[in-house]
Amino acid sequence: MPMQHLSLREILRKIMSQHLSEQEIQRRKDLQELIDLGIEPYPAALYPVNATAKEINEQYNDEEKNFQEVCVAGRLMSRRIIGKASFGEIMDASGRIQCYFNRDEICTGDDKTMYNTVYKKLLGIGDFIGVKGHVFKTQTGQTSIHVTELTVLAKSIKPLPVVKVDEEGKVHDGFMNPEQRYRQRYVDLVVNPGVKDIFIKRNIVINTMREFFNAHGYFEAETPVLQPIPGGAAARPFITHHNALDIPLYMRIANELYLKRLIVGGFDGVYEFSRNFRNEGMDRTHNPEFTVMEIYVAYKDYLWMMDFTEEMVEKIALAVHGSTEVKFGDKVLSFKRPFKRVTMLGAIEEHTGHNLAGKSEEEIYEIAKALHVEVDKSMGKGKLIDEIFSEKCEKHYVQPTFIMDYPVEMSPLCKKHRNNPELTERFELMVNGTEMANAYSELNDPIDQRERFEEQLKLMEGGDDEAMFIDQDFLRALEYGMPPTSGMGIGVDRLVMMMTNNTSIQEVLFFPQMRPEKVAEKEGEKKEAEKK
RNA sequence: GACUCGGUAGCUCAGCUGGCAGAGCAUCUCCCUUUUAAGGAGAGGGUCUUGGGUUCGAAUCCCAACCGAGUCACCA
């Protein structure tokens, strides 16, 4: 319903029925006054922008007097009114540019309404405006637009937090409350410029990977998010229901089995940036939906994939930072190739002094006990080794390190090691004590794969609700034959955290999952109550 | 899931040994034609997260709930 059709009284009545703040009421009045003056506060026509704040700031040269007819649009972010003159900053997607507004140049005739009323009273911080004029430098040397024409592009009726930065770059009155920042990311993006930088870097990370894969001729695939069997990882899925088919469907926890089907189908290399969904706890490093890049390349093994991963990660660091040295907290991570490589058993020997090679399950159990690692009798050999590694070794790998050759029980989709059937051809890339990438020489023996799935089934029957389901169609695909293949998955969110010096996943997701706000939450409670 | 910290004006926060609800910025009125955390004078603005309790009296003390942050556990 356009505002124009309501009288001021009607608008005020509407206002009173909502609880609006003083400033929100003021802005609604200003909006109505603009309309009364015949100014459309939300014009339909395009605005002929011909320059950006960044271009002007970087390229303006006082001597050449370039940018003599610019047309810039953006959000009004600050204002300093000095009587009949004024300075304000406009922020567009590229940054901020100062504008100089002079009463008699905006209003060349006797009618000074545009300056005195529209600009000074009815416009405010947060409004979108367009300005035309020429660029000059002020007495203090600040590049500015000397405005001759001002256009209202969109009125804002909610006051924006006013964040100020002083001469020393110190931020005053910052919009810092994390809850508000995540719930109202649009505001966060407007007033906290560093936030946008994180997402620009995220984009660089993703583009660098994509370009790297495409340069190798690999194919970007799209595979189902809704899956009848949630495969490819051990995790609790979200479940949903398809009405027409009347079947349950699961949100994908991984896309691995689908990409391998494509290798069966004859692609040499396939990759996908996969949004995965896991119905598990949330914390600083876990969001219910997250992004993993998975790639599968035929006729390769995990040793090749290690080289490939190294090259890719180094490229990413260079693309984001222009350097292989990346600051993270109080550490400097070096992504310069080659990364250190150690076997899992080697790592355990290095950090505990115990060589587990050839040891029986009982012996390893006793060693774990002696090391004060929490273990129980139900754990198999592989699980015991994994526990010892996570407890005693993981944290030591701050600089990028490949951990190779995991126990076979932990890796039901991975090919057995060519030299030792108790191990698999698997590596993880550890950085700052956490897993960043995970890769295999993929298991392509359909009989072995069936047996591994059956072992998972036993685990499931034993009460492990995260053991993998048997995917018969995937086994059928393998039976047709899959070439030797190496696959690698890398947590994009965690990689971005690493590259942007963030310890919270929420900082690298535009819209991290949050509990619904009050209104929605009350409705949810009602529904819960109805169920009971 | 456990523990710790927090929720007060549009934003950032003070007030918390119980006694009229505060500051800066923002808003409104006035002055100011090169300012940049502009400046000067004045004014308005509050469901102190919610619900109980103690008390003559609660933003403040107690209990519970909600929301968030952090630490740990779980998960990967």
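The chains referred to below are lettered A, B, ... by the order of the sequence lines, with proteins before strands, and numbering in each begins at 1.
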Under 4.0 Å: is that the gap between some side-chain N or O of A:Arg80 and OP1 or OP2 of B:U35?
->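 The answer is no; no side-chain N or O of A:Arg80 sits under 4.0 Å from OP1 or OP2.
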
Give a yes/no on whether any side-chain N or O of A:Arg183 is located under 4.0 angstrom from OP1 or OP2 of B:G68.
-> yes

Between P of B:U35 and OH of A:Tyr100, the distance in whole Å | 10 Å

Rounded to the Å, how far apart are A:Ile97 CD1 and B:U35 P?
->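 Atom-to-atom, A:Ile97 to B:U35, this comes out as 17 Å.
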
Going by an N to O cut-off under 4.0 Å, is there a salt bridge joining [X] and [Y]?
X: A:Lys158; Y: A:Glu24; answer: yes
X: A:Glu442; Y: A:Lys260; answer: yes
X: A:Arg236; Y: A:Glu280; answer: no

Pairs: protein N or O with nucleotides 28-30 of chain B N or O, under 3.5 Å:
{"from": "B:C30", "atom 1": "OP2", "to": "A:Lys121", "atom 2": "NZ", "distance (Å)": "3.1"}

Quick one: closest heavy-atom pair of A:Thr424 and A:Cys414, and the distance?
->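 Here A:Thr424 and A:Cys414 meet closest at CB-SG, 3.5 Å.
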
Any donor-acceptor N or O pair under 3.5 Å, side chains A:His146, A:Glu105 | yes

Would you mind classifying the nucleic acid contact of A:Lys164 as base, sugar-phosphate or nothing, using non-hydrogen atoms under 4.0 angstrom?
->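 The answer is sugar-phosphate, as A:Lys164 gets under 4.0 Å only of primed atoms, P, OP1 or OP2.
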
Sugar-phosphate only, base, or nothing, as touched by A:Asn438 at under 4.0 Å among non-hydrogen atoms = nothing

Name of the residue among A:Arg27, A:Arg28, A:Gln26 meeting side-chain hydrogen bond (donor to acceptor under 3.5 Å, both in side chains) with A:Asp30 =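 So the option named by the test is A:Gln26.
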
For B:U50 and B:A21, measure between their P atoms and round to the nearest Å.
-> 16 Å

